[in-house]
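Structure, as structure tokens:
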Amino acid sequence: MDSLGLTRMQTQRLVREYLDKGRHMEAMVVAKKGIKEFAHGFEFRLLLAEVYEAQGDLAKAAEQLEQVLAAVPENESARAAQARLRGRR
């Protein structure tokens, strides 16, 4: 459980819910909490990359994806997101 009293999965769902509703600031705050609270929280970095991409900050999105791939080079979600970002630049 994190400081909000949520499990890892619940925290991920909350970030996704905020993202889906266009509530980017809330999604960013919860994703950053997930990175801090859950060891090896690469899935929260992926979500944070989505937040940055939705806000148009492609450089910050790319930074998050690079961190994921540095830790988990075989992560297909990060590779796909990275390719998508390259197409937007």
Side-chain angles (χ1 to χ4, degrees):
M1 298 231 172
D2 69 359
S3 61
L4 298 173
L6 302 174
T7 66
R8 182 184 208 107
M9 187 64 71
Q10 289 170 324
T11 305
Q12 288 174 9
R13 278 191 227 128
L14 184 58
V15 175
R16 172 65 51 210
E17 186 176 314
Y18 283 146
L19 257 173
D20 292 345
K21 292 180 178 179
R23 295 171 62 181
H24 300 137
M25 196 55 84
E26 291 99 329
M28 183 186 311
V29 168
V30 178
K32 285 181 177 182
K33 268 189 191 293
I35 291 167
K36 183 178 176 183
E37 302 274 341
F38 297 104
H40 312 293
F42 70 86
E43 63 274 355
F44 292 103
R45 289 198 182 278
L46 286 170
L47 289 166
L48 187 55
E50 282 187 56
V51 172
Y52 287 137
E53 183 179 4
Q55 292 177 323
D57 194 337
L58 304 184
K60 283 187 179 181
E63 287 174 22
Q64 293 302 313
L65 296 172
E66 288 168 15
Q67 288 186 45
V68 171
L69 290 169
V72 189
E74 67 280 1
N75 188 293
E76 291 301 319
S77 296
R79 291 196 178 283
Q82 200 174 47
R84 186 180 64 247
L85 284 182
R86 283 189 193 119
R88 290 190 60 191
R89 289 182 179 181

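On a predicted model such as this, the values are computed, not experimentally measured, just so you know.
A donor-acceptor contact shorter than 3.5 Å is absent between the side chain of Arg23 and the backbone of Glu17. Under the 3.5 Å distance criterion, the side-chain polar atoms of Gln10 are matched with a main-chain donor or acceptor of Thr7.
Listed here is the closest heavy atom pair of Ala27 and Val51: CB-CG2, 3.7 Å. Here the closest heavy-atom approach between residue Ala49 and residue Ala61 is recorded as O-CB, 3.4 Å.
A distance of 10.5 Å separates CZ in Phe42 from CG in Leu69, rounded to the nearest 0.5 Å. How far CG of Leu14 is from CE of Met9: 13.5 Å, rounded to the nearest 0.5 Å. If you take CD on Glu26 and NZ on Lys21, they are separated by 10.0 Å, rounding to the nearest 0.5 Å. Here the straight-line distance linking atom OH of Tyr18 with atom CE of Met25 works out to 13.0 Å at 0.5 Å rounding. Distance CG/Leu46 to CD/Gln12: 9.5 Å, rounded to 0.5 Å. Rounding to the nearest 0.5 Å gives a distance of 5.0 Å between CD1 of Ile35 and CG of Leu48.
Scanning for side chain to side chain contact (heavy atoms under 4.5 Å, CB included) contacts around Gln67 gives Arg45, Gln64, with sequence neighbours left out. Considering only residues two or more places apart in sequence or on other chains, Glu50 meets the side chain to side chain contact (heavy atoms under 4.5 Å, CB included) condition with Arg16, Leu19, Leu47.
The existence of a salt bridge linking Arg8 and Glu37 is excluded, since no basic side-chain nitrogen approaches an acidic carboxylate oxygen closer than 4.0 Å.
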**Message:** Assess the residue pair Tyr52 and Met28 against the criterion (side-chain contact (heavy atoms from CB on, under 4.5 Å)); give the C-alpha distance rounded to whole Å, side-chain angles, the decisive distance to 0.1 Å, and a yes or no.
**Reply:** CA-CA 8 Å; Tyr52 287 137; Met28 183 186 311; 3.9 Å; yes
**Asked** So Glu74 and Arg79, side-chain contact (heavy atoms from CB on, under 4.5 Å) or not? Walk me through it.
**Response** CA-CA 8 Å; Glu74 67 280 1; Arg79 291 196 178 283; 6.0 Å; no
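In the hydrophobic clustering of ILVMFWY residues, with side-chain heavy atoms under 4.5 Å counting as a link, Leu58 and Val68 come out together.
Between Gln55 and Lys60 there is no side-chain heavy-atom pair separated by less than 4.5 Å.
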